[in-house]
Every structure is written in C-alpha cells, then in structure tokens.
2 protein chains.
Amino acid sequence: MNDTKLIDTRTRILDVAERLFMDSGYEGTSMRQITGEAGVNLAAANYHFGSKEALLQEVFKRRLEWLNKERLRVLDEMETQAGGQPLKPSQIVDAFFGTLLRMGAHPTQGGETFLRLLGRTHTDPSGLIKTLFAAEYSDVLERYKTALFRALPEVPKAEIVWRLHFMLGATSYAIAGTDALDLVTDWQLTEDDKIHSSERLLPRLMSFLIGGLRAPLPPPPDKS
Amino acid sequence: MNDTKLIDTRTRILDVAERLFMDSGYEGTSMRQITGEAGVNLAAANYHFGSKEALLQEVFKRRLEWLNKERLRVLDEMETQAGGQPLKPSQIVDAFFGTLLRMGAHPTQGGETFLRLLGRTHTDPSGLIKTLFAAEYSDVLERYKTALFRALPEVPKAEIVWRLHFMLGATSYAIAGTDALDLVTDWQLTEDDKIHSSERLLPRLMSFLIGGLRAPLPPPPDKS
DNA sequence: TTAGGATTCAAACAAACGTTTGAATGTTGA
DNA sequence: TCAACATTCAAACGTTTGTTTGAATCCTAA
C-alpha cells in the first residue's frame, strides 16, 4: 500500500465526485464522468470504494465528520466559558450555522463545493441519503436541541424544534448556491452588493435566523 | 381527438410522473416506471409529450401556472382593498407563501405531492429546471418584490431581496416533506403535536418568516 | 534481488435507459 | 358507411449505465 499514490487516487476520485454530484446530482453523474475527469481508470473507483453508492457515502462522510466534530467542539467551548449558565440563542445559532458557513472558506474541507452539495441534498428524500444524514447528525442535533431548550426556557419545545427546522431550510437554500439566487436577483442590486454578497452572507443569514427564532409565537391551535 | 380518453392518458401520465419525480427525482425515475404505474403504453409518453424533459416541464407548468396566477390574484385583491396604501409585510408574506402552502390542501392541484416535489426541486441547479423556474416565476417575483419594497421603505432593497431568498429556503425545506423532519424530530413531542403538525405548519412558518423578515439588520460591512 | 500484495488497466458483461418504428385499433365527421 | 385522423401497442433501436474480470504493473518488505 503506497502512501502517496493510493491516497492521491482515492482523494482525486472523492474530490471530483463531490463536484460532479453537486453539479448534476447523484443519478445524473456517471462513474465514467467521475473517473474520466479524475484521470484514473474506471475500475479504480469500484476498487477503492466498492460501488457508486458507497462512493457517495464517503463523499459526505469525510466532510460531515469534520463539520460535526467542529460543531461539538465549538459548543463545548462556549459552554465551558459560560460556566453552567445557559448560552444566548445567538451563540447557539452561530455555533451551528456559522460553523457550517465558515466551512465554505476552509480550503482543506471542500470549500464552497461541499456546502452547495450539502444544501441541494438536504431536500433529497432518497433512502440512502436520509439514512446517512440521520446517522451523521443525530448526536449533534441532540446537543444543540438541548442547548436551545435551556436558552429559551419560556418557549414550548415543539416550537423550538420547528424553528430549528426552518433555520435548516433557510440555510440549506442559502448555501445551495448563489446561482439559485439569480432567480430572485436580476433586480436592482449595486455591483457592490454582488461583489461582497458571499462574504456578507453569514451576517445576513444570522440576523434572519435569529429574528425567526425569537419571533412571537403563532396563535395557539383552534380548539374546535 | 377523444375528449375523455386522451385527457385521461395524458393526466394519468402527469400524475404518476409528479409523484415519482417527487419520490426519486428526475434522473432517478424512468419512463418505464412512469408508464408502467400509469397503466399506459411506454410509447404513449413520448407520443403525448415528445420527450422525458418535455414531460418534466409539463408536470411543473400545469401547477405553477395555477399557483402564480392565484398569487397575483390575491395580491391584486389586497392592493385594491388597501386603496393605494402600502400593504403590511405580513399580508405580502401570507399572499406569497400562504397561497403556496394552502395549495397543499387543494385536491385538484396536486395536494401535498406537488408541494414536496417543488420543495425538493428548488435547490436543484440543473439548467432545465432553472430555465423553467425563471420563466414561470419572474412576473410574480417582480410584483412581490415591489410590494415588499413599498411595505418596508426603511429597509435597504438588497436586504429585502436576501430575506426573500431566505424565506423561500425555509419554506422549500418545510414543504419538501415532513419526512425530512424525522431527522430533527425523534425527540419529545407529544402525540398531539405530531397529529396537528401538518395543519399547524402554516401559522408556525408564518411567524418564523415574519420574524426573520423584520429582524434587526446585520451590522454594516467592515470598511477595511 | 525477489516474492507477494497492492494497484492499475483495457476489455467485456448484462441490464436499463430514452426513443423510434410501423402496424393495429379507436374515434370522429361527412 | 367510409375515409381521415388520433391513439395505442409490441417490438426493436442504439447508447449508456454500474460492475466484474484477469492480466499487467507497481511498490514494498525481507
């Protein structure tokens, strides 16, 4: 087992697969495209990963493990700092979603490509993806849920869960690509707005998320 | 041209395609699955629609035309009622997103199936989908954008556009399937919460969206 | 230097894909 | 009733798909 070339082939396949899955989706990407653009033999992909499905799993796994470890680390650090006191909601939101968005600027962790892949995949109901996400996210969500419950003791837990869900949606959409924004854009934004839009995304999204999280509760259900 | 049977075959294909595209995506669904489950001959799909791509377009077109006409009608009605005064932001949000969600309870317009298909497709960057959406949404978004600008004159237009984008994301995710919520759920919700969750989605989402829309603006960009 | 496992490679596999064909059947208006 | 058109149908088309094979090559440890 060669230490430089083996890792190179594996990594080249993973990197290209990540980008192509982002561009064209899982079913829309063929093994021949992946291995072709990666400059490796077709059979190499099956040799290193076993199957296309297993390759998809690896593409997500190597990033999500890093991300969710980082999310737990940041939350741990905040809670230590707070010394038993509940955190501020804005801290929790930043630890979860801010860490995700800042991953887009982290060159060794896939940069924007993985972020966009993740965003577009979050609404994919395919069994494979759902199973993978459930396994990869469960610990992290449990911790953040608990932190939010403590931070917002006056808000019913069901509402917090729903709002976490909405926050995930707004964020997925935001990172799925500023391309999709071209739908909504067109209209009069200054060049300045466009140039800085990527780096300004985080504060803008954060304001929106916290506004939604702290919004007045909906009227209680009709008892008829 | 037979008036009952032709419409039947066409509609049966459209209905099944809508459901299968929702379940498995465009590339993940084959013409044989569609025509098989619809109980029509394989060649019938190509006969009536020309190609798989054209079939996908039709699936979206018949629903989006209805939805966006309805959205414009509701907004027109509100503006007439207001007699030249700007609308309240919450009215505009409800006219746009409320109309969408209420479509899920409209049996002749695809019900929840189309809603979930739309939710999962919103993050799809494929050229075909983007072109279709751009054409189908442009008029409506233009009108609603203008209404929001008038309703929130003190907010910079760029911020409004971004927040509209975030609102679209939260909504897409919410309608893409309460299945995806199983990710976040698990945790202690009462049975009552679960039973009423579908009909309670709209007020919950609305509170979140308006909270986000009206949140304090993010700090201005660093001038360094 | 050499044996043995790891990796690459060209080639082939069966299966599934979207689409087309031409004949058969159904339907309509004169 | 019959000609003209619309629709259905079974069959086949050529591609492309993911995966497998077995030989060739590379690398490393003894």
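Below, read A as the first sequence line, B as the second, and so on, with proteins coming before strands; counting in each chain starts at 1.
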Q.
Heavy-atom nearest nucleotide on DNA chain C for R32(A) versus G39(A): which residue maps closer to 5'?
A. G39(A)
Q.
For a quick test of reading the model: is some side-chain N or O of S30(A) closer than 4.0 Å to OP1 or OP2 of dT16(D)?
A. no
Q | d(CZ, R10(B); C1', dT8(D)) in whole Å | A | 16 Å
**Q.** Distance under 6.0 Å and angle within 45° of ring axis: R204(A) vs F166(B)
**A.** no
Q) Between atom CG in N41(A) and atom P in dG18(D), what is the gap in whole Å? A) 15 Å
Q. Which nucleotide in the list dG18(C), dG18(D), dT8(D) gets nearest to the side chain of T9(B)?
A. dT8(D)
**Q.** Integer-rounded Å distance: dT19(C) P and F49(B) CZ
**A.** 13 Å
Q | Selection from dT19(C), dA6(D), dT20(D) that lies nearest to any side-chain heavy atom of Y47(B) | A | dA6(D)
Q: Give a yes/no on whether any side-chain N or O of H48(B) is located under 4.0 angstrom from OP1 or OP2 of dT8(D).
A: yes
Q.
With a cut-off of less than 4.0 Å, is there a side-chain N or O of N46(B) near OP1 or OP2 of dG18(C)?
A. no
Q) Just by modelled atom types, is the L20(A) backbone N or O under 3.5 Å from a matching donor or acceptor in the T29(A) side chain? A) yes
Q. Are the charged groups of D23(B) and R120(B) less than 4.0 angstrom apart, N to O?
A. no
Q.
Determine whether the aromatic ring centres of residues H122(B) and Y173(B) are separated by less than 6.0 angstrom.
A. no
Q | Rounded distance in Å - CD (E27(A)) to C1' (dG18(D)) | A | 12 Å
Q: Could you state the atom-to-atom distance from CG of L42(A) to P of dG18(D) in whole Å?
A: 9 Å
Q: Would you mind checking if R73(B) and E77(B) are paired as a salt bridge, meaning a charged N to carboxylate O distance below 4.0 Å?
A: yes
(Q) Rounded to whole Å, please give me the gap between OH in Y26(A) and C1' in dT17(D). (A) 11 Å
Q. Roughly how many Å is it from CD in Q33(B) to P in dC17(C), rounded to a whole number?
A. 7 Å
Q. Rounding to a whole Å, what distance do you find between K52(A):NZ and dT17(D):C1'?
A. 8 Å
**Q.** Touch class at under 4.0 angstrom, heavy-atom based, for T29(B) against every strand present
**A.** sugar-phosphate
